[in-house]
Amino acid sequence: MQKLAFIGLGVMGYPMAGHLLRAGHQVSVWNRTPAKAEAWCREHGGTPAGSLAGAAANADIVLTCVGRDSDLEEVVLGRGGLIEGLRPGSLLIDHSTVSAKLSRQLAEQLATQGTGYVDAPVSGGQQGAINGQLSIFCGGSAADIARAQPVLAAYAKAQAHLGPVGHGQLAKMVNQICVAGVIQGLAEGMHFAAQAGLDVEQVMSLVGNGAGSSWQLLNRHRTMNAGEYDHGFAVDWMRKDLDIVLAEADNMGIDLEITSQINNFYKDVQAMGGGRWDTSSLLRRLQE
Ligand code: NAP
């Protein structure tokens, strides 16, 4: 059993923190909007931590799941942030999807005060978080990962140590590249099927049993066909992730033509008012 603090009780963090408690850890929580931390404590017991630094000061391991680079920076380095409370010998595990560059910077800065760092972005969406079935991409030193992995087991379907700090984020970028292409392919297939006068449901259930199948097809084609786009990961978050991917590819001097094009397609969806629609809304764009 470990003394843990969980920061960021959003769509992902709220259920993840619950799994840690059920795994037998002592968990204190903090959320920027206090009502969410109060709701979590009403459901699971305990009282919310009074401050970020206070939460960190009482924990062996602090876990974060916030938004974009600027949010994580604020939570860790901002006034009253985690850095003011983290003890020597403690460990910060970050589940947010952010740049590898920021992960390395935070790890370096925290190392000066004896705090370890693991970047551990996740895949599996809201459903994966609720069911404790996430894929976790871990970057960090062998010693920090050995400390982190038994804790992460509370909500991991799969987890792996991919290299030093930043490698977890790089691997999550691979995930986002793969997902973007698959969704666009699925959207084009469904659009083609409809335009050809085929029964879209019938075709997709056959495709789903063959080589054209994918998680996206199996889990999203019915909702896409019904024009429902409120089933998980939002377009605004995907745009954040693809911007991170494309900046990293640019640094490497490689061209991700399809990913770059799909990022522009998602800009179109945002312009259609779909920033909070789920990522399968690429089909709606084709239907405009
Ligand atoms: P979310 O529901 O929007 O929740 C974000 C959480 O971060 C909230 O608790 C929010 O606090 C907190 N937060 C954001 N900015 C903050 C700041 N500047 N200071 C303090 N707290 C801040 O997001 P989510 O879906 O849980 O996603 C969280 C992270 O996981 C993101 O990096 C996302 O890309 C990644 N992710 C999401 C999914 C998914 O399917 N949703 C899947 C994989 C990875 P408030 O309550 O005060 O707003």
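In each ligand, atom 1 is the first atom listed, and ligand 1 is the first ligand listed. Only heavy atoms go into these numbers, but all of them, side chains included; no hydrogens, no water, no symmetry mates. Here the structure is a predicted model, which is why all the values come from computation and not from measurement.
- For the pair Leu170/Leu162, no side-chain contact is recorded, criterion being any heavy-atom separation below 4.5 Å from C-beta on.
- Inclusion of Gly67 in the set of residues having an N or O under 3.5 Å from an N or O of ligand 1 is warranted.
- Under 4.0 angstrom from ligand 1, the non-hydrogen atoms of Asn31 all belong to its side chain.
- Remark: minimum distance from atom 23 (O) of ligand 1 to any protein heavy atom is reached at Trp237 NE1, 3.5 Å.
- Contact record, Leu4 with Ala59: C-CB, 4.0 Å, taken as the closest heavy-atom pair.
- In this structure, atom 14 (C) of ligand 1 lies nearest to the protein heavy atom Arg32 NH2, 3.7 Å.
- Annotation: atom 7 (O) of ligand 1 to nearest protein heavy atom, Val66 CA, 3.2 Å.
- The shortest N or O to N or O distance between Met12 and ligand 1 is under 3.5 Å.
- Residue His95 places no N or O, backbone or side chain, under 3.5 Å from any N or O of ligand 1.
- Taking each heavy atom of Trp40 and Leu9 in turn, the nearest pair found is CB-CD1, 3.9 Å.
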Given Arg87 and Asp60, is the salt bridge (charged side-chain N to carboxylate O under 4.0 Å, His left out) satisfied, shown in steps? CA-CA 8 Å; Arg87 297 186 307 229; Asp60 302 320; 3.0 Å; yes
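- Per-residue contacts place Gly8 under 4.0 angstrom from the following atoms of ligand 1 (heavy atoms of the residue considered): 9 (O).
- Side-chain contact between Cys138 and Gln149: present, with at least one pair of heavy atoms (C-beta onward) separated by less than 4.5 Å.
- Using a 4.0 Å cut-off between heavy atoms, Glu74 contacts ligand 1 through its side chain alone, with no backbone atom that close.
- At the top of the distance list for atom 45 (P) of ligand 1, counting protein heavy atoms only, stands Thr33 OG1, 3.4 Å.
- The existence of a salt bridge linking Arg285 and Asp268 is confirmed by a sub-4.0 Å separation between a basic side-chain nitrogen and an acidic carboxylate oxygen.
- Residue Lys267 qualifies as enclosed at atom NZ: its count of foreign heavy atoms under 6.0 Å is above 12.
- Proximity of a side-chain donor or acceptor of Asp144 to a complementary backbone N or O of Gly116 within less than 3.5 Å is not detected.
- Atom 4 (O) of ligand 1 has its closest protein heavy atom at Gly10 CA, 3.3 Å.
- Checked by distance only, ligand 1 and Val122 stay at 3.5 Å or farther apart across all their nitrogen or oxygen atoms.
- Neither the backbone nor the side chain of Ile7 comes within 4.0 Å of ligand 1, counting heavy atoms alone.
- Contacts of Lys240 with ligand 1, taken as heavy-atom pairs under 4.0 Å, involve the side chain alone.
- Among all non-hydrogen protein atoms, the one lying nearest atom 19 (N) of ligand 1 is Val75 CG2, 3.6 Å.
- Of the candidates Asp278, Thr97, Asp71, Asp71 brings a heavy atom nearest to atom 18 (N) of ligand 1.
- Within the structure, ring-ring contact (aromatic ring centres under 6.0 Å, His included) pairs that include any residue of residues 124-183 comprise His95-Tyr155 (at least two apart or interchain).
- At least one N or O atom of Leu9 sits closer than 3.5 Å to an N or O atom of ligand 1.
- Atoms of ligand 1 lying under 4.0 Å from at least one heavy atom of Gln126, given by number and element, are 40 (O).
- Using a 4.0 Å cut-off between a side-chain N of Lys or Arg and a carboxylate O of Asp or Glu, Asp236 and Lys240 do not qualify as a salt bridge.
- Between the side chain of Ser51 and the backbone N or O of Gly54 there is at least one donor-acceptor pair closer than 3.5 Å.
- Taking CD of Gln176 as the reference point, atom CG of Asp241 lies at 4.5 Å (rounded to 0.5 Å).
- Here Lys172 has side-chain heavy atoms under 4.0 Å from ligand 1, and that is the only part of it that gets that close.
- Here the heavy atom of the protein found nearest to atom 2 (O) of ligand 1 is Val11 N, 2.9 Å.
- For atom 6 (C) of ligand 1, the nearest non-hydrogen atom of the protein is Cys65 O, 3.8 Å.
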